[in-house]
Each structure stands twice: as C-alpha cells, then as structure tokens.
S.K.: 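Got a structure for you, questions after.
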Number of protein chains: 2
Amino acid sequence: MFSKATEYALRATIYIAKQGTEEKKISIEEISKAIDSPQSFTAKILQLLTRDNKVVSSVRGPNGGFFLTEKAKNLPVRAILQAMEEDQLLEKCVLGLKLCSELQPCPMHAQYKTIKQQLIKLFVTKTIRQLADDTLEGAVFINNKKPRKK
Amino acid sequence: MFSKATEYALRATIYIAKQGTEEKKISIEEISKAIDSPQSFTAKILQLLTRDNKVVSSVRGPNGGFFLTEKAKNLPVRAILQAMEEDQLLEKCVLGLKLCSELQPCPMHAQYKTIKQQLIKLFVTKTIRQLADDTLEGAVFINNKKPRKK
DNA sequence: ATAAATAAAGATAACTTTGTCTTTATTTAT
DNA sequence: ATAAATAAAGACAAAGTTATCTTTATTTAT
Ligand code: FES
Ligand code: FES
C-alpha cells in the first residue's frame, strides 16, 4: 500500500512516541535498530518528518535525538502520511483515473468508495499516541523480531 | 494503491472484455487509446496477462488482437492482480511488517483487518464481466476523457 | 509466394525509489 | 576553547518502475 519510506516513517514515529519525551530523546541508531530499518535511509525520512517540527522534533549534539511533543502525539496518523506527501494515496482511484469521484466514477468506484471512507476514517481518527500506547502494552509490534515470552 | 502497470492492466482488461469477443479482437492501438495509456507499455503489460492465456487471449496477424474468452470474463478481478504479481499487496501489513497476522500484529492491525477483509472480498467476488457490463451501461468510465452528453 | 498486419520479444532509456556514505552544523560536556 | 556526540545536508549508487523503440514471429489476404 505505502512506500517503504512511509512504512518506516510510521514505524519510526510510533517508536519515538512510545520511547521518547522531550527529556529522553532517541537516537537514529536506536530507532533504526528498534524498527528494523536501514539507518541512513531512516535518517533521511526523519528529516522529512521534522520539517518545521510538524510531526517529530529533534535536537542535535550530545544527548540529542528525536522526540514527539505531547501535542504532536495527539496528531492523527494521517499527519505522518501528509508529511511524507503520500496522503493523496488514500484518495486515489483504484484504476488510476485522475480523479476518484461520483462525477466520473470507474467501475470499481461504487463498491470501493465505502472501503475508502473507512480507510480515511481510520487514519484520521487514530492518533499517534493511541498507536504508541498499544505498543507499550506489549500486545503489538513494530518490527519483525520474534516476540519473547516473559 | 497499485502500480501504474496494474492500473493499466485493470483498465485494459475491462476494455477488452467490454469490446472484444473471440470473433472481434481488439488491437493494442485501440486499447491504449481507449484507456488513455502509453501504447508500448500497455503492450508489455498485456504480454503478462496473456501468459498461458490465463486472463487475456491474443492472436497475431491481420485481424488479430486481444479478447477474453467467456470463461475468462467470469474470473474474479483478483486474477488480474495475480497475473501482475501484485496480488500480495492486498495481504500486506500497512506498516510493512513481513507478515500481517494475529500472531504478531502491528498497532494498526486490529482496525485495519476488517478493511482488508472487505478489500479482498471485493476483488474476489467482483468478476471482470461485472465491471465490463457496468462500463457498457455508460454509467462508469475507464479513462480520463470528459463524458459526452448523448 | 508475397505482402501486410498484427502481437511477441528484446534492448535500452528515463525516471523514481531505496539505500549508503561523507561532510557539515549544532549542541553539550569537559 | 576543545572534543565528542549527535542530527542535517548533500552527493552518490543500486535497484526498481515506467516508457519507448527496434526486431522478430505469426497469421491472413491477395
Ligand atoms: S473513480 Fe475509481 S475508485 Fe473512485
Ligand atoms: S500486522 Fe500490520 S496490518 Fe496486520
């Protein structure tokens, strides 16, 4: 569905929200290890997410790293897609027509529409904080490593 | 959602199903004009769909072209995705984990799951014939040209 | 047989995405 | 002030996708 870059962006943001605060910032090394992603590429992606501190915040230097403000944690997950400029994917026509609309619908439109609406709703109503909290519970995962029994 | 190649594959197959029969085959030129796609690229894509005549059938030479057998028209739309080897996209984890499953779910899984099931159901239950028939009715479109009033 | 019309196959080019590496800027601790 | 630790920026490379062009094979009509 999403590009690799956006997948990493989602996982990285969730991890930072979960582990980091303004006081305890997370290094790119820790992030990429935790979410099982290529470090340099992930660094590039975080540069997009920190533009104007829109989603992720960062500080350079010793004890620097990435974190999310409390306010940012309340952003909808869609904000991550927007920062990655992959937001319009949710609106696209499945058959690749330039517009997905009632005006000139493709043959999949009528039935796809309701699915699309649910997708958009999911990304708009879910907040980054909610995803991070789920991860804290230990019930869900953001990497491919085998879960360890307690 | 899908690659350009798969988008063209879907539109081309629908057009061929709608316009073509074993007696009246459709040329690549007509297809690419009708669905508003690059001709040579579309030709390549049709080569994938005609492999073993799985979805589309073709004949070379004068009066040759592409068509769908009556049997092929009853295939689920998913067969097109399979021929394009983009079928697994429907099964993928939104966050890009290697597996999407209850065993090691990502934080989006619980809510995405039901959407995913609907998506899969749509592509499995819709047949190529159904899409082509909708297009014949004139109520839906498979290109970006302005609809003409009758 | 020959020519014409068509799709199939193959080579290649342009562009995008993914990924790495090096250098620079910033911040902190000493 | 200096050194160390960090992210930011930039240059590049590798791989994948999209697209075009040329040649070949097949079929039909004459
Ligand atoms: S027009 Fe194709 S999905 Fe809406
Ligand atoms: S595990 Fe991520 S969507 Fe199912």
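These numbers come from a predicted model, not from an experiment. Note on naming: letters A, B, ... go to the chains in the order of the sequence lines (proteins, then strands), and numbering restarts at 1 for each one.
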S.K.: Under 4.0 Å from OP1 or OP2 of D:dT6: is there any side-chain N or O of A:N63 that close?
M.R.: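 It does not, given that no N or O in the side chain of A:N63 lies less than 4.0 Å from OP1 or OP2 of D:dT6.
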S.K.: Dot-bracket for DNA chain D, 5' to 3', with Watson-Crick and G-U pairs under 3.5 Å, [ ] for crossing pairs and | for other-strand pairs: what is it?
M.R.: ||||||||||||||||||||||||||||||
S.K.: With distance as the sole criterion, do the side chain of B:Q47 and the base of C:dA9 form a donor-acceptor contact below 3.5 Å?
M.R.: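 Side chain to base: pair present.
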S.K.: Would you indicate which nucleotide in D:dT18, C:dA8, C:dT18 comes nearest to any side-chain atom of A:S3?
M.R.: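 Selected nucleotide (nearest to the side chain): C:dT18.
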S.K.: Contacts to DNA chain C from residues 27-34 of chain A, heavy-atom cutoff under 4.0 Å, which residues?
M.R.: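 Within residues 27-34 of chain A, no residue comes under 4.0 Å of DNA chain C.
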S.K.: Provide, to the nearest angstrom, the distance between the CG atom belonging to B:L89 and the C1' atom belonging to D:dG16.
M.R.: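 The distance from CG of B:L89 to C1' of D:dG16 comes to 16 Å, rounded to the nearest Å.
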S.K.: Describe the nucleic acid contact of A:A43 in one word from base, sugar-phosphate, nothing, applying a heavy-atom distance below 4.0 Å.
M.R.: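 No contact.
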S.K.: Could you state the atom-to-atom distance from CD of B:Q39 to C1' of C:dT6 in whole Å?
M.R.: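 Rounded to whole Å, this separation is 11 Å.
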S.K.: From CD of A:E22 over to P of C:dT27, roughly how many Å is that when rounded to an integer?
M.R.: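 Value for this atom pair: 14 Å.
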S.K.: Compute the centroid of each ring, for A:Y112 and then for B:F2, and state whether the two points are separated by less than 6.0 Å.
M.R.: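 No, the ring of A:Y112 stays outside the 6.0 Å limit from the ring of B:F2, centre to centre.
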S.K.: Rounding to an integer number of Å, can you tell me how far B:F67 CZ sits from C:dT6 P?
M.R.: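 Spelled out: CZ on B:F67 to P on C:dT6 is 16 Å.
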S.K.: To the nearest Å, give me how far apart NZ (B:K25) and P (D:dT27) are.
M.R.: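 My rounded result for the distance is 11 Å.
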S.K.: B:Q104 and B:H109: side-chain donor and acceptor closer than 3.5 Å?
M.R.: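 Checked: B:Q104/B:H109 side chains show no N/O donor-acceptor pair below 3.5 Å.
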S.K.: Contact class for B:I45 vs. all strands (heavy atom < 4.0 Å): base, sugar-phosphate, or nothing?
M.R.: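 The residue B:I45 makes no contact with any strand.
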S.K.: Can you tell me the distance, in whole Å, between the CZ atom of B:F41 and the P atom of C:dA13?
M.R.: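 Distance check: B:F41 CZ to C:dA13 P gives 18 Å.
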S.K.: What nucleotide among D:dT20, C:dA8, C:dT18 has an atom nearest to a side-chain atom of B:R60?
M.R.: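 Comparing D:dT20, C:dA8, C:dT18 against the side chain of B:R60, the answer is C:dA8.
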S.K.: For A:F2 and C:dT18, what is the distance between atoms CZ and C1' respectively, to the nearest whole Å?
M.R.: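 Going from A:F2 (CZ) to C:dT18 (C1'), I get 18 Å.
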S.K.: Just N and O in the side chain of A:Y8: are any of them under 4.0 Å from OP1 or OP2 of C:dG19?
M.R.: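 A:Y8 to C:dG19 OP1/OP2: side-chain N or O found under 4.0 Å.
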S.K.: Using a heavy-atom cut-off of under 4.0 Å over every strand shown, decide if B:I26 touches base, sugar-phosphate, or nothing.
M.R.: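 Counting heavy atoms under 4.0 Å across all strands, the contact made by B:I26 is with sugar-phosphate only.
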S.K.: Checking side-chain polar atoms at under 3.5 Å, does A:S37 have a donor or acceptor matched by the opposite partner on A:T42?
M.R.: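 Yes, because at least one side-chain N or O of A:S37 sits under 3.5 Å from a partner of the opposite role on A:T42.
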S.K.: So do B:L95 and B:P107 actually touch side chain to side chain, heavy atoms under 4.5 Å?
M.R.: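 Yes; the side chains approach each other to less than 4.5 Å.
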S.K.: Should B:E7 and B:K4 count as an ion pair when the cut-off is N to O under 4.0 Å?
M.R.: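 Counted as a salt bridge, because a side-chain N and a carboxylate O are separated by less than 4.0 Å.
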S.K.: When you compare the side chain of A:T127 with that of A:K73, does any pair of heavy atoms fall below 4.5 Å?
M.R.: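 A:K73 vs A:T127: side chains apart.
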S.K.: Can you see whether A:E86 engages A:S3 through a side-chain donor-acceptor pair at a distance of less than 3.5 angstrom?
M.R.: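 Note: A:E86 and A:S3 side chains meet the donor-acceptor criterion.
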S.K.: Tell me which of B:F66 and A:G61 sits closer to the 5' end of DNA chain C, going by the nucleotide each one is nearest to.
M.R.: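 By nearest-heavy-atom nucleotide position, the 5'-most residue is B:F66.
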S.K.: Just to confirm, is there a sub-4.0 Å distance from OP1 or OP2 of C:dA8 to any side-chain nitrogen or oxygen of B:T50?
M.R.: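 Yes, because at least one side-chain N or O of B:T50 sits under 4.0 Å from OP1 or OP2 of C:dA8.
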S.K.: Does the base of D:dA8 carry an N or O that pairs as donor and acceptor with the side chain of A:K44 under 3.5 Å?
M.R.: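 Absent.
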S.K.: Using a strict 4.0 Å threshold on nitrogen-to-oxygen distance, state whether A:E30 and A:K18 make a salt bridge.
M.R.: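 Salt bridge absent between A:E30 and A:K18.
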S.K.: What is the distance from atom CD1 of B:I35 to atom OG1 of B:T13, rounded to the nearest 0.5 Å?
M.R.: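 Interatomic distance, B:I35 CD1 to B:T13 OG1, rounded to 0.5 Å: 8.5 Å.
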S.K.: Taking the minimum atom-to-atom distance to the side chain of A:P62, which one of D:dT18, D:dA4, C:dT20 wins?
M.R.: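 Nearest listed nucleotide: D:dA4.
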S.K.: So, A:R78 and A:D87, do they make that salt bridge, N to O below 4.0 Å?
M.R.: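 Between A:D87 and A:R78 there is a salt bridge, with a charged N closer than 4.0 Å to a carboxylate O.
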S.K.: Provide, to the nearest angstrom, the distance between the NZ atom belonging to A:K4 and the C1' atom belonging to D:dG16.
M.R.: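 Interatomic distance, NZ of A:K4 to C1' of D:dG16: 13 Å.
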